[in-house]
Amino acid sequence: DWAYKTESSPGSRQIQLWHFILELLQKEEFRHVIAWQQGEYGEFVIKDPDEVARLWGRRKCKPQMNYDKLSRALRYYYNKRILHKTKGKRFTYKFNFSKLTVVNYPLWERGSCEQPWQIWKTATVSVSQVMRKG
DNA sequence: ACCGGAAACT
DNA sequence: AGTTTCCGGT
């Protein structure tokens, strides 16, 4: 449950959207729905916006969730420097992993021999630590 | 599709 | 604080 806690509000156990996005990106079963962009570090493409919104809505118990609302939440990350939009590329966003690059570089280049859960866990911890520093 | 203000919710 | 909801504008 540590992964679902916020740095700012330790009491909150609600999962945050960018955690959820990383979680989906970590699992092969969702590669047809959302996936890392080949070559671009930290960049990902939402291949099925409706499905991502549906999954997010299910997690948060918000059945009325859709991509319009989800994308608004993503847009709030721009000022927070968690994400930014890749302009010109449809449904494409990019994580700000500039500091993570120094801390934990070959994270996304790793082979699939490692446990998905562990990779995701490592990713979330590293990102959280970076966010706390920044 | 994408943006971002405004208000409401937890 | 982190969304969710709604929406006018580009």
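In what follows, chains carry the letters A, B, and so on, assigned in the order in which the sequence lines appear, proteins first and then strands, with residues in each chain numbered from 1.
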query: Between A:Y67 and A:F91, is the ring centre distance below 6.0 Å?
result: yes
[X] has a side chain; which of [options] sits nearest to it?
X: A:Y76; options: C:dT3, C:dT5, B:dC3; result: C:dT3
X: A:F91; options: B:dA1, C:dT3, C:dC6; result: B:dA1
X: A:K80; options: C:dT4, B:dC3, C:dG2; result: C:dG2

- prompt: Closer than 4.0 Å, any side-chain N/O of A:K69 to the OP1 or OP2 of C:dT5?
  reply: yes
- prompt: Does the side chain of A:Q16 get closer than 4.0 angstrom to OP1 or OP2 of C:dT3 through an N or O atom?
  reply: yes
query: Parallel, tilted or perpendicular for A:Y93 and A:F44, by the 30°/60° rule?
result: parallel
Candidate pair A:E23 and A:R59, rule salt bridge (charged side-chain N to carboxylate O under 4.0 Å, His left out), full reasoning: CA-CA 12 Å; A:E23 184 179 325; A:R59 177 66 71 89; 2.7 Å; yes
Figure out the [atom1]/[atom2] separation between [X] and [N], and round it to whole Å.
X: A:K60; N: B:dT10; atom1: NZ; atom2: P; value: 11 Å
X: A:Y67; N: C:dT4; atom1: OH; atom2: C1'; value: 16 Å
X: A:L70; N: C:dT5; atom1: CG; atom2: C1'; value: 13 Å
X: A:N79; N: B:dC3; atom1: CG; atom2: C1'; value: 12 Å
X: A:N66; N: B:dC2; atom1: CG; atom2: P; value: 14 Å
X: A:Q64; N: C:dT3; atom1: CD; atom2: C1'; value: 16 Å
X: A:I46; N: B:dC2; atom1: CD1; atom2: P; value: 8 Å
X: A:W56; N: C:dT5; atom1: CH2; atom2: C1'; value: 15 Å

Looking across every strand, which nucleic acid part, if any, lies under 4.0 Å from [X] by heavy atom: base, sugar-phosphate, or nothing?
X: A:L17; result: sugar-phosphate
X: A:K87; result: nothing
X: A:Y77; result: sugar-phosphate

task: Check whether any side-chain N or O of A:H32 sits under 3.5 Å from a backbone N or O of A:E29 as a donor-acceptor pair, and report yes or no.
output: yes
query: Taking the six-membered ring of A:Y77 as reference, does the NZ or CZ atom of A:R75 fall below 6.0 Å from its centre and within a 45° cone about the axis?
result: no
query: If you find the nucleotide of DNA chain C closest to A:R75 and the one closest to A:M65, which residue's nucleotide is nearer the 5' end?
result: A:M65
